[in-house]
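Remarks on the structure that follows.
Atom set for the values below is all heavy atoms of this structure, side chains included, hydrogens, waters and symmetry mates excluded. Order of the sequence lines sets the chain letters (A, B, ...), proteins ahead of strands, with each chain counted from 1. Since the structure is predicted, the reported quantities are computational estimates derived from the model, not experimental observations.
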Amino acid sequence: MSSLTATIDGVERELAPGTTGADLFGERRDVVVMRVDGALWDLAREVPAGASVDAVTVSEPDGLMVLRHSTAHVLAQAVQAVNPDAKLGVGPPIENGFYYDFDVETPFTPEDLKALEKAMQRIVKEGQAFVRREVTRDEALAELAHEPFKCELLTQDTAGAEGASVEIGDGDITIYDNVRRGGEVAWKDLCRGPHVPSTRVLQNGWSLMRSAAAYWKGSEKNPQLQRVYGTAWPSKEELTAYKERLAEAERRDHRKLGAEMDLFSFPDEIGSGLAVFHPKGGVIRMEMEEYSRRRHIEEGYEFVYTPHATKAQLFQTSGHLDWYADGMYPPMQMDEERDAAGNITKQGQDYYLKPMNCPMHNLIFGARGRSYRELPLRLFEFGTVYRNEKSGVVHGLTRARGFTQDDAHIYCTREQMKDELTTTLEFVLGLLKDYGLEDFYLELSTRNPEKSVGSDEIWEEATATLREVGLASGLELVPDPGGAAFYGPKISVQARDAIGRTWQMSTIQLDFNLPERFELEYTASDGSRQRPVMIHRALFGSIERFFAILTEHYAGQFPVWLAPVQVRAIPVAEPFNDYLGELVARLRAAGVRAELDASDERFPKKIRTASKEKIPFVLIAGGDDADANAVSFRYRDGSQDNQVPLDEAVARIVEAVTTKAQV
RNA sequence: GCUGGCAUGGCGCAAUGGGUAGCGCACCGCUCUUGUAAAGCGGGGGUUGCGGGUUCGAGUCCCGCUGCCAGCUCCA
């Protein structure tokens, strides 16, 4: 018998014909599939001659995806075991887990999920093998005639459809049989694979999370299926760690902290997505805005103010009413007059709440003749806008219906454009760092042909310029095809927070379009009239949203300069009230938000209260401190610094505020 | 907007299969008060998101609205 050669984990080896991945890697329990010339294969398949084969473990991203997808199959088998009428949608792996969509008569309840987990445990215990079988399209259609969604995937061009690539790859059509130890086929599914060798590999590292409706193929126009979400990990320990991360995110949730710390609320009386800031949240917001203002002055911005409402014509001119009327609050009709019979005697006027500030800034630019000497002209405003977000998407401060942008529009010449974008990006990153965010990457959103205006040349120039500037920053630049606004491409700054989540922060958008629509012009040095280029940029995006992100980033433990109460002075007993009262007065004179707890509560209770309020500096004084003309510091983590001389204590606190220190 | 779930004093929760709303924290008062996350006693506060309906009787059942939560779709 002849043999074949293959490269196994980088080493060229002679193999007997028919050698499978299982033969090669079967000993290693963490190996779930193999990579054959770059493609992922089931371990049960035979290694082809001349191939380069590597083991893929469950701990690496590809292996984990296989594990998660295999878990989705076990879920689907369990669902059809419990409910044979359930029709299968798709079941791809996703970040942290997987889902599978089903067409069922009645949606899943939490009790259903528990029952499904039980059924899944049985399947895992049975140690069913995942067996790959190549079929023709006609065979697959015949075998899966009772699965309408699978048939649709088989017969339609599925390019781009959500999750569909899991079912059908580029190559052969395959069906995976789940085979019990006795050889009996327990279940089967149309699937590209690959899979883990046995359901046993899943162990107890998975869990069902929730169920929800999802549109078939991700389109609002299609019927909704019932989706079951699960999570899957290589081990029980990693599953537990993941659940702990979720719990941590919940503890940091700004909606929860906002109520607990008395920062803001959403009164039902005002309406969905419209926040009010309470005094403590107000302090944080004021500090955020104050610092931003100062930096904008230093960067050469000029400050403008514009109203919240406008006649319809303005947004007709800008094009927003054509593109985004649905996202705007409905118009308010003004000034219409009727006679007794109800006939209109005076034509009215529609007014809208503004969903953006740019058209108003354009009017300021156009209010008089502009010279090239004024450019770049940078107009800044904390502009409050209103957007009629769909009821299901409103989410705390991160997705509100009324919010305030730290919005600016820069008008410049084409020649200035690149430098201006570069300094703007530097400004953005520097400012975000001052607020405590450190870890960034960039996203370049390019044109969506279905939703855009302007010529190809203009889009290409704008996109190329943004790309150059982005690459020059040295940060990772991730493409986001089709993600641009209708008037121009954008770069957005993504920031990672303290627990590793990424948030879209600042956006810088290039716009050749609105200057055209508003017929903006400046006089060039040669006396000719030229059209300026416009840069839209927001650093926080929305103050409310940035507020939420900082709250979650810091888990409510704001750095001193932002903390609503910076110092709480707590006497060990009443006789020391005056002693600490004087210190508090000194701190206040130095601009520190300090207060004395002179209440009738006992000492331990006061410590507890200050701790729950997450106050950065708790100053304690009793006999020992007073004798030494000193005070004791207690920090949020419970650590302590005793008997610090009063002068030093004041200096230390003032410095923590001015340096934006976290303590 | 769609699917599902939820809605009880400021907050967190309780109220057997429909029978006239309880608890903790917070709040107010009194007593106490010398070293690190809750002193003791007493008190006030809700008609159960809003509007209809079923019933002798509804926080508990039904319908509509509002709001919230999760996911989907969307996010200039």
Side-chain angles (χ1 to χ4, degrees), chain A residues 99 101 106-110 162 209-229 253 255-256 259-260 262 265-274 315 318-328 354-359 385 387-396 398-401 405 445 448 451-452 483-488 490 504 507 509 511 514 536 538 541-542 545 570-577 599-613 618 620-626 632-636 638-640 642:
Chain A
Y99 66 78
D101 289 342
T106 49
F108 298 101
T109 64
E162 182 200 12
M209 302 301 282
R210 63 172 68 88
S211 64
Y215 297 104
W216 168 238
K217 288 184 177 175
S219 169
E220 219 172 349
K221 297 184 186 75
N222 288 334
Q224 284 196 328
L225 304 179
Q226 293 302 317
R227 175 171 297 179
V228 177
Y229 282 93
D253 191 315
R255 294 166 301 181
K256 187 181 154 80
E260 280 174 12
D262 196 18
S265 61
F266 290 91
D268 287 357
E269 293 85 341
I270 297 180
S272 178
L274 300 166
F315 287 107
S318 70
H320 287 98
L321 271 172
D322 290 338
W323 294 98
Y324 296 106
D326 285 352
M328 293 168 66
K354 67 173 170 181
M356 327 207 62
N357 304 300
C358 33
V385 297
R387 297 180 184 180
N388 183 18
E389 300 288 0
K390 289 198 272 184
S391 60
V393 306
V394 171
H395 183 95
T398 59
R399 193 84 181 270
R401 283 187 169 154
Q405 298 178 309
S445 300
N448 175 355
K451 241 188 173 184
S452 60
F486 71 89
Y487 48 72
K490 72 174 177 203
Q504 177 174 317
T507 60
Q509 313 193 353
D511 184 355
L514 281 182
H536 306 243
S542 111
R545 191 178 128 88
I570 303 181
V572 162
E574 204 250 310
F576 303 99
N577 282 3
S599 69
D600 284 341
E601 298 294 346
R602 292 152 109 97
F603 182 66
K605 179 61 179 295
K606 294 185 179 183
I607 296 285
R608 176 180 158 89
T609 304
S611 173
K612 294 201 86 157
E613 289 177 36
V618 173
I620 296 165
D624 298 344
D625 301 281
S632 294
F633 281 64
R634 187 184 197 278
Y635 297 95
R636 287 181 286 213
S639 70
Q640 197 132 344
N642 290 329

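- Comparing the P positions of B/G35 and B/C25 gives an interatomic distance of 24 Å, to the nearest angstrom.
- B/A15 and B/A21 have their P atoms separated by 16 Å, with the value rounded to a whole Å.
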_Across nucleotides 40-51 of chain B, 5' to 3', mark each nucleotide with B, S or - according to how protein heavy atoms within less than 4.0 Å reach it._
------------
Output one line per pair: protein atom, nucleotide atom from nucleotides 74-76 of chain B, and distance, for all N/O pairs under 3.5 Å.
residue: B/C74; atom: O2; partner: A/Arg399; partner atom: NH2; Å: 2.7
residue: B/C74; atom: N3; partner: A/Arg399; partner atom: NH1; Å: 3.2
residue: B/C75; atom: OP1; partner: A/Lys451; partner atom: NZ; Å: 3.1
residue: B/C75; atom: O4'; partner: A/Arg399; partner atom: NH2; Å: 3.4
residue: B/C75; atom: N1; partner: A/Arg399; partner atom: NH2; Å: 3.4
residue: B/C75; atom: O2; partner: A/Arg399; partner atom: NE; Å: 3.1
residue: B/C75; atom: O2; partner: A/Arg399; partner atom: NH1; Å: 3.2
residue: B/C75; atom: O2; partner: A/Arg399; partner atom: NH2; Å: 3.4
residue: B/A76; atom: O4'; partner: A/Tyr324; partner atom: OH; Å: 3.2
residue: B/A76; atom: O3'; partner: A/Tyr487; partner atom: OH; Å: 3.3
residue: B/A76; atom: O2'; partner: A/Tyr487; partner atom: OH; Å: 3.2
residue: B/A76; atom: N6; partner: A/Gly327; partner atom: O; Å: 3.2

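- Phosphate contact (OP1/OP2 of B/A26, side-chain N/O of A/Lys605, threshold under 4.0 Å): present.
- Taking a pair as Watson-Crick or G-U wobble with both distances under 3.5 Å, the runs of three or more consecutive pairs in RNA chain B are B:1-7 with B:66-72, B:10-13 with B:22-25, B:27-31 with B:39-43, B:49-53 with B:61-65.
- A/Ser611 comes within 4.0 angstrom of a base, heavy atoms only.
- Note on A/His395: a side-chain N or O is less than 4.0 Å away from OP1 or OP2 of B/A70.
- Between B/G71 and B/U55, the distance separating the two C1' atoms is 38 Å to the nearest Å.
- In terms of the ring pair (Phe, Tyr, Trp, His ring centres under 6.0 Å) criterion, A/Phe576 has no residue partners (sequence neighbours excluded).
- Of all non-hydrogen atoms in A/Gln509 and A/Tyr487, the two that sit nearest each other are OE1-OH, 2.7 Å.
- At a cut-off of 3.5 angstrom, counting only N and O atoms as typed in the model, there is a donor on one side and an acceptor on the other between the side-chain of A/Tyr215 and the base of B/G1.
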Close N or O pairs between protein and nucleotides 3-6 of chain B (under 3.5 Å):
residue: B/U3; atom: O4'; partner: A/Gln224; partner atom: OE1; Å: 2.5
residue: B/U3; atom: O2'; partner: A/Gln226; partner atom: NE2; Å: 3.4

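- When the C1' atom is compared between B/U34 and B/U47, the two are found 48 Å apart, to the nearest whole Å.
- Nucleotides B/G59 and B/G22 place their C1' atoms 13 Å apart, quoted to the nearest Å.
- A/Asn642 is linked by a side-chain contact (heavy atoms from CB on, under 4.5 Å) to A/Ser632, A/Gln640, counting only residues two or more places apart in sequence or in another chain.
- Atom-to-atom, CG of A/Asp326 to C1' of B/U73 comes out at 13 Å; the value is rounded to the nearest Å.
- Judged as a side chain to side chain donor-acceptor pair (under 3.5 Å), and not counting sequence neighbours, the contacts of A/His536 are A/His409, A/Asp511.
- A/Asp101 and A/Gln226 share no side-chain donor-acceptor pair at under 3.5 Å.
- Both A/Phe266 and A/Ser391 lie close to RNA chain B; mapped to their nearest nucleotides by heavy-atom distance, the more 5′-ward contact belongs to A/Ser391.
- Going from the C1' atom of B/U20 to that of B/A58 covers 10 Å, rounded to whole Å.
- Not counting sequence neighbours, the partners of A/Ser391 by the side-chain contact (heavy atoms from CB on, under 4.5 Å) test are A/Arg401.
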Considering only distance and modelled atom types, tabulate donor-acceptor pairs under 3.5 Å from the side chains of residues 601-609 of chain A, sequence neighbours left out.
residue: A/Lys606; atom: NZ; partner: A/Asp597; partner atom: O; Å: 3.0
residue: A/Lys606; atom: NZ; partner: A/Ser599; partner atom: O; Å: 3.0
residue: A/Thr609; atom: OG1; partner: A/Lys605; partner atom: O; Å: 2.8

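- Residues meeting the side-chain contact (heavy atoms from CB on, under 4.5 Å) test with A/Arg399, sequence neighbours left out: A/Glu389, A/Val393, A/His395.
- Not counting sequence neighbours, the partners of A/Pro267 by the side-chain contact (heavy atoms from CB on, under 4.5 Å) test are A/Ser265, A/Glu269, A/Ile270, A/Val276.
- With both ends at atom P, the span from B/G49 to B/U8 equals 6 Å, rounded to whole Å.
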List, with names and distances, any nitrogen or oxygen atoms from the protein found under 3.5 Å away from nitrogen or oxygen atoms belonging to nucleotides 33-35 of chain B.
residue: B/G35; atom: O6; partner: A/Gly623; partner atom: N; Å: 3.1
residue: B/G35; atom: O6; partner: A/Asp624; partner atom: N; Å: 2.8
residue: B/G35; atom: O6; partner: A/Asp625; partner atom: OD2; Å: 3.4
residue: B/G35; atom: N1; partner: A/Asp625; partner atom: OD2; Å: 2.6
residue: B/G35; atom: N2; partner: A/Asp625; partner atom: OD2; Å: 3.4

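- Contact annotation: A/Arg255 side-chain N/O to B/A70 OP1/OP2 distance is under 4.0 Å.
- The C1' atoms of B/G18 and B/G1 are separated by 36 Å, rounded to the nearest whole Å.
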